[in-house]
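Every number for a ligand or one of its atoms is a count from 1 in the order of the listing. Since the model is a prediction, treat every value here as computed from it, not as a measurement.
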Amino acid sequence: MTSEHLMQLIERAKDARERAYAPYSRFAVGAALLTTSNEVFCGCNVENLSYGLTSCAERNAVFAAVQAGQRRFTAVAVVADSKAPVTPCGACRQVLAEFGLDLVVISANLQGATYETGIAELLPRAREGILGT
Ligand code: THU
């Protein structure tokens with residue numbers, strides 16, 4: 001991915017972040033998921049009075065893509081207003097890993113700091129031990 005495409009994906013995640021519903025944590029997050037066909041699906045975190053029902057930006061982006069018929073992804077950008085760029089939580093790592101272990105994960109904050117890693121590094125042995133496999 002060129003640095004221009006990377007910046008564009010981060011911009012889409014920033015834009016999605018603007019629509020976060022996070023009245024409890026006040027921590028808005030946006031995610032933008034790039035498909036192999038160069039489409040982008042976005043998500044923001046949606047919180048709930050019953051805190052545990054909160055759904056993260058990354059999972060909402062995956063669910064939007066899958067319901068639109070897309071299952072092949074190359075990269076995901078995650079943006080939050082944090083000192084260090086945030087990486088997906090454990091649940092989101094598992095959901096992202098479901099669709100491929102080559103996914104590039106780009107984290108960014110609003111100050112422009114970025115951190116690039118991969119889903120296989122964030123969630124080693126993602127498919128071992130589940131359903132006895
Ligand atoms: N959150 C995300 O949406 N993605 C992340 O990568 C980190 C955490 C949300 C969940 C919750 O709404 C808020 O951020 C605080 O954890």
(request) Measure across D81 and F27 and return the closest heavy-atom pair with its distance rounded to 0.1 Å. (result) O-CE1, 4.1 Å
(request) Step through the shown structure and confirm whether more than 12 heavy atoms of other residues, nucleotides or ligands are within 6.0 Å of CG on N48. (result) yes
(request) Evaluate the side-chain proximity of E116 to T114: yes if any heavy-atom separation is below 4.5 Å, no if none is. (result) no
(request) List, ordered by chain and residue number, the protein residues whose closest non-hydrogen atom lies under 4.0 Å from any atom of ligand 1. (result) S25, F27, V29, N45, E47, T54, C56, A57, E58, T87, P88
(request) Without swapping roles, check the side chain of S107 against the backbone of V86 for a donor-acceptor pair under 3.5 Å. (result) yes
(request) Might you point out which heavy atoms bring L96 and V62 nearest each other, and give the distance in Å? (result) CD2-CG2, 3.5 Å
(message) Taking the side chain as everything from C-beta on, heavy atoms only, tell me whether L110 gets closer than 4.5 Å to R17.
(response) yes
